[in-house]
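All remarks here apply to the structure that follows.
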Amino acid sequence: MEQTLVILKPSCVARGLMGEVIGRIEKRGITVIAMKMMQLDLNILREHYAHLVDKPFFPGLAASMMATPVVCMVLKGVDVVSVFREMVGVTNGRKAAPGTLRGDLCMSNQANIIHASDSVENAKIEIARFFKPEEICDYTPANISFIYGDGEY
Ligand code: UDP
Ligand code: MG
């Protein structure tokens, strides 16, 4: 099964949306196998957003990501990287489809409440950036045979 890295951004934490987002993850049948709150700094943000460091909006983005602690999670499931990106919706919350987390819960391109890894390869790199191996509780939920059908997992 795949794993993906999720960050509940300050726009999620400060607006009291952590429970809503985690609830939707659980209801979908995706397993949370690691979770912690942390205060990000510029060093980790320069790494995490290396593809955006030279953009004019990077200083604002970095400030927005350091405004409060964030919640980092590792999610596990079949095809969870792509399944969860679909659940998150497109970057700009004003353009994200209704039913997606961003499309239902935010109105911003920057303060868009959540980060999710965009590929299996990047998920591995991002999980290693935010979690030590011993912080990940890679377990199988007892209801797994009701989440998936025969042969699917
Ligand atoms: N971002 C921004 N302005 C932009 C594009 C992106 O502030 O014009 C922020 C936004 O918070 C986004 C993050 O940078 O979530 C990472 O950008 P990316 O293109 O990787 O989008 P994502 O994968 O989060 O949808
Ligand atoms: Mg991205």
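In each ligand, atom 1 is the first atom listed, and ligand 1 is the first ligand listed. Values below: every heavy atom of this structure, side chains too, minus hydrogens, waters and symmetry copies.
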Check the pair Lys76, Asp138 against salt bridge (Lys or Arg N to Asp or Glu O under 4.0 Å), reporting the backbone distance first and the verdict last.
CA-CA 8 Å; Lys76 177 178 157 179; Asp138 187 4; 2.5 Å; yes
Validation row: Lys95, Asn109 side chains within 4.5 angstrom (heavy atoms):
no
Within a 6.0 Å radius of atom NZ on Lys36, are there more than 12 heavy atoms belonging to other residues, nucleotides or ligands?
yes
Between atom CG of Leu40 and atom CD of Glu47, what is the distance when rounded to the nearest 0.5 Å?
11.5 Å
Distance from Met107 atom CE to Ser11 atom OG, nearest 0.5 Å?
13.5 Å
Candidate list Gln3, Glu2, Arg85, Glu126, test side-chain hydrogen bond (donor to acceptor under 3.5 Å, both in side chains), partner Ser117, passing option
Glu126
List the protein residues in contact with ligand 1, where contact means a heavy-atom separation under 4.0 angstrom.
Lys9, Tyr49, His51, Leu52, Phe57, Leu61, Arg85, Thr91, Arg102, Asn109, Gln110, Asn112
